[in-house]
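Structure record follows, encoded as structure tokens.
Residue indices begin at 1 and follow the sequence shown. Given the structure is predicted, the values throughout are model-derived calculations rather than measurements. Hydrogens, waters and symmetry mates are skipped; everything else that's a heavy atom, side chains included, is used.
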Amino acid sequence: MNDVNSLIALSGLLFVAVLSVFLLAVYKYLTTGKFKNCIADSVIFILLVFIASYVSGATISKASYSNSVSEISLIALSLAFIVYSVISFFYCRRKNKNSLSPFSVKEALDNLNSGICFSDETGRIVLINHAMSSLMSAVLKTNPQTQPEISSALASLESSGNGIYAFPDGSVWLVNISSLDGYTQTAARNVTELVAANVQLERENERLKKTNEEMQIMLERLADRIREQETLNLKMQIHNDIGSSLIAITNIMNGKTNEPLDEQLRLLQNAVGYFSNEFEKRQESVEEVRKNAKKMGVRLVVTGALPESSAQCELIALAAMECVTNCVKHAGGNEVYAVIDGRFVSFTNNGEAPKKEITEGGGLTSLRKRIENAGGAMKTSSAPVFTLTLELPETENRYD
């Protein structure tokens, strides 16, 4: 095996061994950044280069070297270093996956979706990941080399403040520049979806605001409709009862009734009431007021026990309805609170506090007159919140 063809084959095998050892040495240096980790491989590389040169020279001169070096030994040596290079490569690769190195740190930074850049005190960039480089290249049309270039690129972009910038590709990034142990750190985070969601939320809030305003108008109209309905019910009550009242008066005056005297006086009192200022419609109960309030979007919260007297309950219901209506129309609230403590009842709401002293209108004036005519008392206060306080009459007066 000392002919020219065998020498050429041996030279090729040695070349593969030289190349594999060389690549192994380069890989170790790039992944560790330390020359000492690849000294042994460099020595092996140089040795193999000398051997390969010797064999190549012998091939060219067609000389025999069997007396100095065994051809079989060279083949075994070449194969051994090729196997060594392959095994060492996979071993180093596995080891690098479980350890930190300059190469692995750079690779980890490049895998980030966020942009990151570090520059020294002179402004020279010492580390920049792929995301930040691509982001700034889109503006500068070249890779940034210094921190001032990045600052200049940001200054040319449209900004909504607070470090938020809109880039040419339509994306929105939050960029933060800070100092860190003598270095300047520039970090960028993609907030495109967050900004879009915020814009959508503002639109929804504006739409909800308009909807709330429309609902407030509807509630005010509903309160007016309930008042109109109450007035209509009152008119219907008068229309239905006035005829029987006139007949009752006529019968009493003509002595055509066999009712006891007390009953005649009661009928006369009720009948004459339709033609005097003391007429009042029959009031609904507190429970019915609560149902009507719910229709108006107001919750009536009653604390304490209702009195046993129907007349006192009637006064509470009348005051509650007035407070519910005023809460909707004037205070913009949705809850009315009634606190019952014996003969004293106080009403408040969760609406806006009056900006000035309350002047009693038709509703409160009528309520005051009704309370005082029944033997009770009423007072209002505007600070710190609107409060209506009733002092109920001690006993029920049927002929009031």
Establish whether [X] and [Y] are linked, either directly or via other cluster members, by ILVMFWY side-chain heavy-atom contacts under 4.5 Å.
X: Val336; Y: Val385; result: no
X: Leu315; Y: Leu364; result: yes
X: Val289; Y: Leu306; result: yes
X: Leu392; Y: Tyr337; result: no
X: Val16; Y: Tyr27; result: yes

Beyond-backbone contact of [X] with [Y], side-chain heavy atoms, under 4.5 angstrom:
X: Ile217; Y: Glu213; value: no
X: Phe45; Y: Val18; value: yes
X: Ile125; Y: Ile150; value: yes
X: Val43; Y: Leu47; value: no
X: Arg343; Y: Glu394; value: yes
X: Val298; Y: Asn349; value: no
X: Thr142; Y: Glu149; value: no
X: Val172; Y: Tyr165; value: no

Closest non-hydrogen atom pair between [X] and [Y], with its separation:
X: Pro393; Y: Ala374; value: CB-O, 3.1 Å
X: Met378; Y: Leu390; value: CG-CD2, 3.6 Å
X: Ser133; Y: Pro144; value: O-CD, 4.3 Å
X: Val286; Y: Ala317; value: N-CB, 3.9 Å
X: Ile340; Y: Ala305; value: CG2-O, 3.3 Å
X: Ile82; Y: Ala17; value: CG1-CA, 3.6 Å

Exceeds 12 heavy-atom contacts within 6.0 angstrom, atom [atom1] of [X]:
X: Glu308; atom1: CD; answer: no
X: Asp169; atom1: CG; answer: yes
X: Glu352; atom1: CD; answer: no

Discussion item. Quick test of your reading of the model: are Glu314 and Arg370 salt-bridged, counting only N-O distances below 4.0 Å?
Written reply: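 Salt bridge between Glu314 and Arg370, a charged N being under 4.0 Å from a carboxylate O: yes.
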Discussion item. For the CG atom of Leu154 and the CE atom of Met136, what is their distance to the nearest 0.5 Å?
Written reply: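 Answer rounded to 0.5 Å: 4.5 Å.
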Worksheet item: So, Asp41 versus Tyr84: side-chain donor-acceptor pair below 3.5 Å or not?
Response: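 Side chains of Asp41 and Tyr84: pair found under 3.5 Å.
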Item to complete: Name the orientation class of the two ring planes belonging to Phe167 and Trp173 (parallel below 30°, tilted from 30 to 60°, perpendicular beyond 60°).
Response: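 Geometry flag for Trp173 against Phe167: perpendicular rings.
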Practice prompt. Applying side chain to side chain contact (heavy atoms under 4.5 Å, CB included), name anything that partners Glu357, two or more places apart in sequence or on another chain.
Written response: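 Counting only residues at least two positions away or on another chain, Glu357 forms a side chain to side chain contact (heavy atoms under 4.5 Å, CB included) with Ser382.
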Worksheet item: Residues in side chain to side chain contact (heavy atoms under 4.5 Å, CB included) with Glu287, at least two apart?
Response: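 Partners of Glu287 by the side chain to side chain contact (heavy atoms under 4.5 Å, CB included) criterion, ordered by chain and then number, come out as Ser285, Arg290, Lys291.
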Discussion item. Running the 4.5 Å side-chain criterion over Ile, Leu, Val, Met, Phe, Trp and Tyr, what cluster does Ile87 land in, apart from itself?
Written reply: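 Result for Ile87 is Val83.
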